[in-house]
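See below for the structure under consideration.
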Amino acid sequence: MEQPKSQDIHKPSPLEKKKDRMPHIYVLLFIISGLAALLTYIIPAGSFERVPGPNGRESIDPNSFVTVDASPVSFMDFMLAIPVGMASASEIIFFTFIIGGMFMVLRRTEIIEIGVDRLARKFQHKSIAVIPVLLTLFAVVATTIGTPELSLVYIPVLIPLFISLGYDSMTAAGIALISTALGFTAGVMNPGTVGISQQISGLETYSGFGLRVVVLLVIVLIGSFYIMRYAKKVKQDPLKSYTHEEDEIKRVKYKDALKQPAKRATKRQLVAIATLPIFFGILVYGVTQLGWFMLEMSGLFIFMGILVGIISGLSLTKVCEAFTEGFREVLMGAIIIGIARSVAIVLEEGQIMDTIVYGLGNLVGQLPSTLSAIGMMTVQLFINFFIPSGSGQALVTMPIMAPLADMLGVTRQTAILAFQFGDGFAHILFPTSGYFMAALVIAGIGWTKWVKFFSPLFFIYMGVGVVFLIYAQLTGWTG
């Protein structure tokens, strides 16, 4: 019997063996959910009274905390946590599916390829300059309309662009995720974090504008330098890319695009391209003036995909098939959102979420006054792991932190800034952040690789937060 040739036998590399040992993200989130269930047997149950909050949303009465009878999560409750999490996160799951479907329609029309081709040719000799430009643009959009979930929209466009320019998927994902997180964190006019927090705290809405603009400028400059430094290393030596193996197929598809003749748009494609800014204008108006969120944006993107597809020359059947293919591509990301939400579901079912918030609030109250603002930021960072929603976290924590700030000699404006720093950057670090994990799936990047890339920058930003909070506390900043 003929023996197989040695070159036909694949021997796993050390990198592949290490990758095989890494737990799948489903497993990681399931373990975290299981640990949360165990905490319900250890931490005493407690509850705040819910009262009407800003914009008709529920907030808490900070003086109403009481201990209640223990209700540890049963096996049945734990078994249902993921399905309940899916239902609870249905809006963002649906949004993720629609983003995937809409972009697949745009790919079928080839207008994305045309746009990417033109951008790549325009910036091929000064490609590094596009990084701070895009980072600033996306950060400004996020700080105005408060939707870091738009990173899901940017990634499918940025990956082919940056691969064709000689970079990698991590560069593209870094621009999309970091820029939106920076804008969301600075919150210059973010209605979902700063707006709600200031209403809860009895402050004028969007007061403190000047310092928040300075925060935005500083963190965008740092982010631009960090990503540009990484991108330069990748372009000089592609093996230094965190996603070198994952990008193999993408490099074959996009790397030599600039060597081919320039793509030219048909008249129908040009008309379709001209409609895109109109849809973006409607999106910005809807979010800032009409209070749109996931459902409304999803509806707009469905309409956008259909209309742009038809204008470009696709039949309705091809539009539908493209939507279906797009749904399949983002399926894993959508499922991750529901599994991540199960962690909070378990804590809420076991009635220990309020206990955790109450206990952490008391912990801050024990700190020396000079460390109070930094303690608030640290507490908000910890809570973000369990409540990965900016507006949700504001509604739960700010009713406690605002009066606590008065007791500690910290201005309420500073307490809100501490919330912003503790909440914002963690949205693209913790695996319980659903939209972030979905974005990594769309980009084809593992969470552990993202952590290696982003964690140094995260700690830099935490240091920046400390500096700004010390300044705010020393100056008695009131906005």
Exercise. Quickly, which of I200, L395, I400 forms a side chain to side chain contact (heavy atoms under 4.5 Å, CB included) with I60? Name it, please.
Key: I400
Quiz item: Mind checking whether Y154 and F103 have ring centres under 6.0 Å apart?
Solution: no
Quiz item: When you measure from the side chain of S433 to the backbone N and O of H427, does any donor-acceptor pair fall under 3.5 Å?
Solution: yes
Practice problem: Take atom CZ of F385 as the centre, draw a 6.0 Å sphere, and report whether it contains more than 12 heavy atoms from other residues, nucleotides or ligands. | Solution: yes
Self-check item: Test item: S342 side-chain N/O and I339 main-chain N/O as donor-acceptor pair under 3.5 Å
Solution: yes
Quiz item: Is a side-chain donor-acceptor pair under 3.5 Å present for Q413 with S207?
Solution: yes
Quiz item: Would you say I442 and M437 make side-chain contact, with heavy atoms under 4.5 Å?
Solution: no
Self-check item: The single option from F459, F453, F454, F458 passing ring-ring contact (aromatic ring centres under 6.0 Å, His included) against Y226
Solution: F453
Quiz prompt | Point-to-point distance, once rounded to the nearest 0.5 Å, from CG of L381 to CG of D423 | solution = 9.5 Å
Quiz item: Can you name the nearest heavy-atom pair linking F138 to S179, along with the distance?
Solution: CB-OG, 3.1 Å
Practice problem: Would you name the heavy atoms of S224 and L135 that are closest together and state the gap between them? | Solution: OG-CD2, 3.2 Å
Quiz item: Can Y461 and T185 be said to form a side chain to side chain contact (heavy atoms under 4.5 Å, CB included), step by step?
Solution: CA-CA 11 Å; Y461 281 143; T185 300; over 6 Å; no
Self-check item: Min side-chain heavy-atom separation I25-L28 under 4.5 Å
Solution: yes
Quiz item: If every non-hydrogen atom of P148 is compared with every non-hydrogen atom of F184, which pair is closest and at what distance?
Solution: CD-CD1, 3.4 Å
Quiz item: Within the distance-only criterion (no hydrogens, no angle test), does the side chain of T355 pair as donor or acceptor with the backbone N or O of G46 below 3.5 angstrom?
Solution: yes
Quiz item: Within a strict 4.5 Å, meaning less than it, do heavy atoms of the F425 and N384 side chains meet?
Solution: no
Quiz item: Between atom CE of M376 and atom CZ of F419, what is the distance when rounded to the nearest 0.5 Å?
Solution: 13.0 Å
Practice problem: Establish, from distance only, whether the side-chain atoms of T414 and Q473 form a donor-acceptor pair under 3.5 Å. | Solution: no
Practice problem: Identify the heavy atoms of I219 and L182 that sit nearest to each other, and give their distance. | Solution: O-CD1, 3.4 Å
Quiz item: In Å and rounded to the nearest 0.5 Å, what is the CD to CE distance from E349 to M76?
Solution: 12.5 Å
Quiz item: Is the number of heavy atoms from other residues, nucleotides or ligands within 6.0 Å of OH (Y41) greater than 12?
Solution: yes
Quiz item: Crowded around F94 CZ? As in, over 12 foreign heavy atoms under 6.0 Å?
Solution: no
Quiz prompt | Flag side-chain contact, heavy atom, 4.5 Å: M104 against T324 | solution = no
Self-check item: Audit row: F430, F436, side chain to side chain contact (heavy atoms under 4.5 Å, CB included) steps and yes/no
Solution: CA-CA 8 Å; F430 294 153; F436 156 61; over 6 Å; no
Quiz prompt | Pair K250-S169, side-chain donor/acceptor within less than 3.5 Å | solution = yes
Practice problem: Indicate whether the side chain of T397 and that of Q380 have a donor and an acceptor atom separated by less than 3.5 Å. | Solution: yes
Exercise. Look only at the side chain of W450 and the backbone of S455, and say whether a donor-acceptor pair between them is shorter than 3.5 Å.
Key: no
Quiz item: Are the side chains of L290 and E296 in touch, meaning some heavy atoms are under 4.5 Å apart?
Solution: no
Quiz prompt | 4.5 Å side-chain heavy-atom contact, L347 and I387 | solution = no
Exercise. Give the minimum heavy-atom separation between S241 and D168, together with the two atoms involved.
Key: OG-OD2, 2.6 Å
Exercise. Flag the pair L39 / L35 as yes when at least one side-chain heavy-atom distance between them is below 4.5 Å, and no otherwise.
Key: no
Quiz item: Where the side chain of K449 meets the backbone of Y242, is there a donor-acceptor pair that is under 3.5 Å apart?
Solution: yes
Quiz item: Between Y230 and Y167, is the gap from one ring center to the other below 6.0 Å?
Solution: no
Exercise. For the pair F382 and F386, name the ring-plane relationship: parallel under 30°, tilted 30 to 60°, perpendicular over 60°.
Key: perpendicular
Exercise. Starting at CD1 of I155, measure out to CG of L150 and round the result to the nearest 0.5 Å.
Key: 11.5 Å
Practice problem: Start with the C-alpha distance between L367 and L408, add both sets of side-chain angles, then the distance that settles side chain to side chain contact (heavy atoms under 4.5 Å, CB included), and finish with yes or no. | Solution: CA-CA 9 Å; L367 294 174; L408 297 174; over 6 Å; no
Exercise. Would you kindly say whether R412 and Q198 are connected by a side-chain donor-acceptor distance under 3.5 Å?
Key: no
Self-check item: Where T243 and M170 come nearest, the two heavy atoms and their spacing
Solution: OG1-N, 3.7 Å
Self-check item: Polar side-chain atom of S90 near backbone of A87 as donor-acceptor pair, under 3.5 Å
Solution: yes
Quiz item: T475 side chain to Y471 main-chain N or O, any donor-acceptor pair under 3.5 Å?
Solution: yes
Quiz item: Does R50 come within less than 4.0 Å of D354, counting only side-chain N to carboxylate O?
Solution: yes
Practice problem: Classify the angle between the aromatic ring planes of F95 and F301 as parallel (below 30°), tilted (30 to 60°) or perpendicular (above 60°). | Solution: tilted
Quiz item: Heavy-atom distance under 4.5 Å between the side chains of S88 and I345, does that happen here?
Solution: yes
Self-check item: Point-to-point distance, once rounded to the nearest 0.5 Å, from CD1 of I337 to OG1 of T432
Solution: 12.5 Å
Practice problem: Look at R341 together with E348 and state whether they make a salt bridge at an N to O cut-off of under 4.0 Å. | Solution: yes
Self-check item: Side-chain donor or acceptor of T143 paired with backbone N/O of V140 under 3.5 Å
Solution: no
Quiz item: Looking at CD of E49 and CG of D61, how far apart are the two atoms once the value is rounded to the nearest 0.5 Å?
Solution: 5.5 Å
Exercise. Please say whether more than 12 non-hydrogen atoms of neighbouring residues, nucleotides or ligands are located less than 6.0 Å from CD1 in I249.
Key: no
Quiz item: Ion pair present between E329 and R107, side-chain N to carboxylate O less than 4.0 angstrom?
Solution: yes
